[in-house]
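I have placed the structure first, in the form of structure tokens, so that the comments after it can refer back to it.
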Amino acid sequence: MSTDSNVRIALITGAAKRVGREIALRLAKDGYDIAFTFLNSARDAASLVDEIKKHGRKCLAIRADLMEPVVGVEAVRTQLAGFSSRLNVLVNNASIYEPSSLGKTDVAQIRRFWAIHVEAPLLLCKVFAGQLRAARGHVVNMLDLLAERPWPEYLSYCTSKAGLWNLTLGLARELAPEVTVNGIAPGVVEWAKDMPESEREKYLKRVPLGRAGTPEDVAEAVSFLCGAGSYVTGQVIRLDGGRSLT
């Protein structure tokens, strides 16, 4: 267990790959020891632990199924307790993304979305509220522009992200004044591998900055909210190159 009272601890859910991984690496570079959750990506999780340790930071990988929030959050609480008694930053990044139109979705899928996007973040904030308050810490929730502009083909997914958006606002009031709570709502920051080039070009025509975002862009925003942006709370950053304006 870390005993140095000057060491800052960040917990990122779903961080073995993609955006979560970049967030973990950026916060490690910012001087945080890192704990993160993963589910099926054991090889990626192991390589992330190694990479973070190369930055001179301690790292803990926690296998937890946050689609079973009560069990998953308890696994996080138990394992993190052996790593550190403190927590400075919580990033609720874990997510699933599946087609979920009105005609094709079912109760089981709706509940999976709600569990990982709303219930798990809420329970994690409940469990770690004391540590976050003591550290005057920060919570960052990963949202989606689709929470405001839902696609019918992803109706259940969009609804659950809208729930997390609302939770962000409520938690900002609940955890003030000690803890800041904000959200980041990206546009495209990683292209789907099967997205045709024509569709990518069509999307970019509606982005004022003329390019897709990157996982590094998201990580920079998280770093800001956990550092220089410490007077910002209850806000959602639309990290979309201006797409939400068009």
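In this text, all values refer to a predicted model and were calculated from it rather than measured experimentally. Atom set for the values below is all heavy atoms of this structure, side chains included, hydrogens, waters and symmetry mates excluded.
A side chain to side chain donor-acceptor pair (under 3.5 Å) check over residues 34-44, counting only residues at least two apart or in different chains, returns nothing. Screening residues 197-208 for side chain to side chain donor-acceptor pair (under 3.5 Å) gives no qualifying pairs among residues at least two apart or on separate chains. Evaluation of the side chain to side chain donor-acceptor pair (under 3.5 Å) test over residues 163-183, restricted to residues two or more places apart or in two chains, returns H138-T180, N141-T168. Applying the salt bridge (Lys or Arg N to Asp or Glu O under 4.0 Å) rule to pairs touching residues 237-246 yields E148-R238, sequence neighbours excluded.
K54 has no carboxylate O lying under 4.0 Å from a charged side-chain N of D50, or vice versa, which leaves the two without a salt bridge.
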Below 3.5 Å, can you tabulate the donor-acceptor pairs from side chains in residues 119-132 to any protein atom, sequence neighbours excluded?
none

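Taking every heavy atom of both residues into account, A35 and L80 meet most closely at CB-CD1, 3.6 Å. The two residues L146 and D144 come nearest to each other via the heavy atoms N-OD1, 2.8 Å.
Inter-residue side-chain proximity for L39 and R63 is flagged as met; some heavy-atom pair is nearer than 4.5 Å. The closest side-chain heavy-atom distance from L25 to E51 is below 4.5 Å.
Going from atom CZ of R57 over to atom CD1 of I9 covers 8.0 Å, rounded to the nearest 0.5 Å. Here D33 contributes atom CG and K53 contributes atom NZ; the two are 11.0 Å apart, rounded to the nearest 0.5 Å.
Applying side-chain contact (heavy atoms from CB on, under 4.5 Å) to N92 and the options V139, I12, V118 leaves one that passes, V139.
The hydrophobic clustering, which links ILVMFWY residues whose side-chain heavy atoms are closer than 4.5 Å, places I184 and L90 apart.
Contacts of T233 classified as side-chain hydrogen bond (donor to acceptor under 3.5 Å, both in side chains), with partners at least two apart in sequence or in another chain: none.
The aromatic rings of Y154 and Y97 sit parallel, their planes meeting at an angle under 30°, below the 60° perpendicular limit.
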Chi angles and distances behind the side chain to side chain contact (heavy atoms under 4.5 Å, CB included) call for D106, Q109
CA-CA 5 Å; D106 56 26; Q109 185 186 52; 3.4 Å; yes

V49/F36 under side chain to side chain contact (heavy atoms under 4.5 Å, CB included): CA gap, chis, key distance, verdict
CA-CA 9 Å; V49 170; F36 70 92; 3.8 Å; yes

Step-by-step side chain to side chain contact (heavy atoms under 4.5 Å, CB included) determination, F38 to K17
CA-CA 9 Å; F38 72 98; K17 299 191 292 186; over 6 Å; no

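Side chain of T78 to main chain of E74: a donor-acceptor pair is present (N/O by atom type, distance under 3.5 Å, no hydrogens or angles).
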